[in-house]
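Each remark here refers to the structure printed beneath this line.
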There are 2 protein chains.
Amino acid sequence: MITSFAGESKHFLDEKSRLSIPAKYRRWLTEEDAEYTFVITKGADPCLIAYPAVEWDMFAEKLRNLSQFKKKNRAFIRTWSRNSIRLKCDKQGRILMPQRLLDFANIKKEVAIIGALNYLELWEPEMLKEHQESQIPLDDDYFEDLADIF
Amino acid sequence: MITSFAGESKHFLDEKSRLSIPAKYRRWLTEEDAEYTFVITKGADPCLIAYPAVEWDMFAEKLRNLSQFKKKNRAFIRTWSRNSIRLKCDKQGRILMPQRLLDFANIKKEVAIIGALNYLELWEPEMLKEHQESQIPLDDDYFEDLADIF
DNA sequence: TATTATTGTGGGTAGATGTGGGGAGAAATC
DNA sequence: GATTTCTCCCCACATCTACCCACAATAATA
């Protein structure tokens, strides 16, 4: 049973590009994920996504069954996988962030960590603000559709 | 349990055409694949594919079931086999790349290594870029089909 | 408020990793 | 058999990673 991530907090990269993962999020990994491991990937929005490795592995396991004889499958796996990196927290609960990913999300020093159910979002605070402002507001139609599910 | 390959990193062939396989990928072989052995083959896309020897053997096992009486099967098996080479990493974790394969993927010096679940893709970076750009984007239909699986 | 425990931050350093190149022995060629 | 080419071991060394310890900041407890 995975407890859902929730909340938002602000953190800073140190001189060595290490990001400290809040203890409350780390704690949720211990049971299933022996080694405090996340898989970090580029988000569909201009942010980074951190999945508990277990979550990511479950999805990867399914993708593995896609036939490699289909071009589209290969393309999808390639795109999805090349942006994902498996990263382990050090003994102090920090993750060494690759520059390539930081650049994608435009993260310099400040990072907003958002718990979003079964993954974490990592935002450069200014980007997050802009993104939220430029967002088309959720309209009634959206919630009508939601109502079909709930 | 095989951990999935993921991520992308840039490497260079040295003067002796040796390619250093990132330690994180090598490590995933140790358990099952005693000797850091990969089978490298020409990809369906213009890149090289490196399978852990174990994975390749499993695939070969499936091919064995194809009927020899069909001309196309024989052709396929022949092509597949002759393009595959079993290669072991040296003590420093490098693989000596045959020129024939390098030429196929147009690799000169720079190599992008992409972890794609149960195999590695080796790309000449410029080829990769072109290939990704010329790719027909994955459309809604594709994801509709995927949704049937997941 | 004082005390203790937990968490976050900084930085030194040993060991792991990546890269280059010499050279012994194997394999191929003459 | 002699010569050349190739393969792969070894060593060297620069760089990177992740450990460790120290201590500040915060939260939890008495």
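Proteins come first, then strands; the chains are lettered A, B, ... in the order of their sequence lines, and each starts at number 1.
Sorted by residue number, the members of residues 7-14 of chain B with any non-hydrogen atom under 4.0 Å from DNA chain C read B:His11, B:Asp14. Near-neighbour residues of DNA chain D inside residues 98-114 of chain B, defined by a heavy atom below 4.0 Å, are absent.
Using cut-offs of 30° and 60° on the angle between ring planes, the pair A:Tyr51 and A:Tyr119 is tilted.
Counting heavy atoms from C-beta outward, B:Pro22 and B:His11 have side chains that approach closer than 4.5 Å. The shortest side-chain heavy-atom distance between B:Ile95 and B:Cys89 falls under the 4.5 Å cut-off. Side-chain contact between A:Ile40 and A:Met97 is present, with heavy atoms from C-beta onward closer than 4.5 Å. Contact annotation: the side chain of B:Glu121 never approaches that of B:Leu128 to less than 4.5 Å [non-hydrogen atoms, C-beta and beyond]. A 4.5 Å side-chain heavy-atom check between A:Asn83 and A:Phe104 finds every atom pair outside the cut-off.
Every residue meeting the side chain to side chain donor-acceptor pair (under 3.5 Å) condition with B:Tyr142, not counting sequence neighbours, appears here in chain and number order: A:Asn73. Listed by chain and number, the residues in a salt bridge (Lys or Arg N to Asp or Glu O under 4.0 Å) with B:Lys42 amount to none (sequence neighbours excluded). Contacts of B:Ser20 classified as side chain to side chain donor-acceptor pair (under 3.5 Å), with partners at least two apart in sequence or in another chain: none. Evaluation of the side chain to side chain donor-acceptor pair (under 3.5 Å) rule for B:Lys108 yields B:Asn106 as partners, not counting sequence neighbours. Under the salt bridge (Lys or Arg N to Asp or Glu O under 4.0 Å) criterion, B:Glu110 pairs with B:Lys10, not counting sequence neighbours. Not counting sequence neighbours, the partners of A:Arg82 by the salt bridge (Lys or Arg N to Asp or Glu O under 4.0 Å) test are B:Glu8.
Distance, A:Ile95 CD1 to C:dT9 C1': 16 Å, rounded to whole Å. In this structure, the CG atom of B:Leu19 is 11 Å from the C1' atom of C:dG18, given to the nearest Å. Look at NZ on A:Lys91: it is 12 Å from P on D:dA18, rounded to the nearest Å. The CG atom of A:Asp90 sits 13 Å away from the P atom of C:dG10 (whole-angstrom rounding). In this structure, B:Lys16 places its NZ atom 8 Å from P of C:dG22, rounding to the nearest Å. In this structure, A:Arg18 atom CZ and D:dA18 atom C1' are separated by 9 Å, rounded to whole Å. One interatomic measurement links the two molecules: CD of B:Glu15 to C1' of C:dG18, which rounds to 15 Å at whole-angstrom precision.
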Which atom pairs link the protein and nucleotides 4-6 of chain D when you take only N or O atoms and keep those under 3.5 Å?
none

Any N/O pairs under 3.5 Å between the protein and nucleotides 3-7 of chain C? List them or say none.
| from | atom 1 | to | atom 2 | distance (Å) |
| --- | --- | --- | --- | --- |
| C:dT7 | OP1 | A:Arg27 | NH1 | 2.5 |

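Between B:Ile49 atom CD1 and B:Leu101 atom CG the span is 11.5 Å, to the nearest 0.5 Å. The CD1 atom of A:Ile107 lies 6.5 Å from the CG atom of A:Leu13; values are rounded to the nearest 0.5 Å.
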Letter per nucleotide, 5' to 3', of nucleotides 21-27 of chain D [B base touched, S only sugar-phosphate touched, - untouched; heavy atoms, 4.0 Å]: B------
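A:Arg64 and B:Ser4 share a side-chain donor-acceptor pair at under 3.5 Å.
Around the CD1 atom of A:Ile149, the shell of radius 6.0 Å holds more than 12 heavy atoms that belong to other residues, nucleotides or ligands. Atom NZ of A:Lys129 has 12 or fewer neighbouring heavy atoms from other residues, nucleotides or ligands inside a 6.0 Å radius. Heavy-atom neighbours of A:Lys109 NZ from other residues, nucleotides or ligands within 6.0 Å: above the threshold of 12.
End-to-end axis angle of the helix from C:dT1-D:dA30 to C:dC30-D:dG1, from C1' rotation axes over five pairs per end: 30° (rounded to 10 degrees).
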